[in-house]
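Have a look at the structure below before the remarks.
All residue numbers in this chain count up from 1 along the given sequence. This one's a predicted model, so the numbers in the text were calculated from it and none came from an experiment.
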Amino acid sequence: MQLSRARELIEQQMLFTSGYNRNAVRLILGEVARVHGPGAVAQLFREFDLEGHFELDPAADYSRVGL
């Protein structure tokens, strides 16, 4: 997944705050972690404040999510 596509998908999920959207963001982060590494995940956390918005842990290993 390209980072630009991940940003688009996360922006869509940010419009809502349900548990389903939280899980969708976790799956997106998992794909990003596997393709681009943890640095790209950290960048998305900073860019979208995912910790504050979805209460996700920025230190978690998302590379295993969705396998």
Distance in Å, [X] [atom1] paired with [Y] [atom2], rounded so as to fall on 0.5 Å steps:
X	Y	atom1	atom2	value
F48	Q43	CZ	CD	9.5 Å
R34	M1	CZ	CE	9.0 Å
H53	F45	NE2	CZ	12.5 Å
R22	L27	CZ	CG	11.5 Å
H36	S63	NE2	OG	14.0 Å
L50	M14	CG	CE	6.0 Å

| query | In this structure, which one of L3, I10, L9 forms a side-chain contact (heavy atoms from CB on, under 4.5 Å) with R7? | reply |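 Testing each of L3, I10, L9 against R7, the sole residue satisfying side-chain contact (heavy atoms from CB on, under 4.5 Å) is L3.
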| request: Identify the heavy atoms of L56 and Y62 that sit nearest to each other, and give their distance. | output: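 Looking at all heavy atoms of both residues, the shortest contact is CB-OH, 3.5 Å.
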| query | Quick check: are there more than 12 heavy atoms from other residues, nucleotides or ligands sitting under 6.0 Å from CD of Q2? | reply |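 It does not: Q2 CD has 12 such atoms or fewer within range.
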| Does L44 share a hydrophobic cluster with V35, counting links as ILVMFWY side-chain heavy atoms below 4.5 Å and allowing steps through other members? |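 No; V35 is not reachable from L44 via cluster members.
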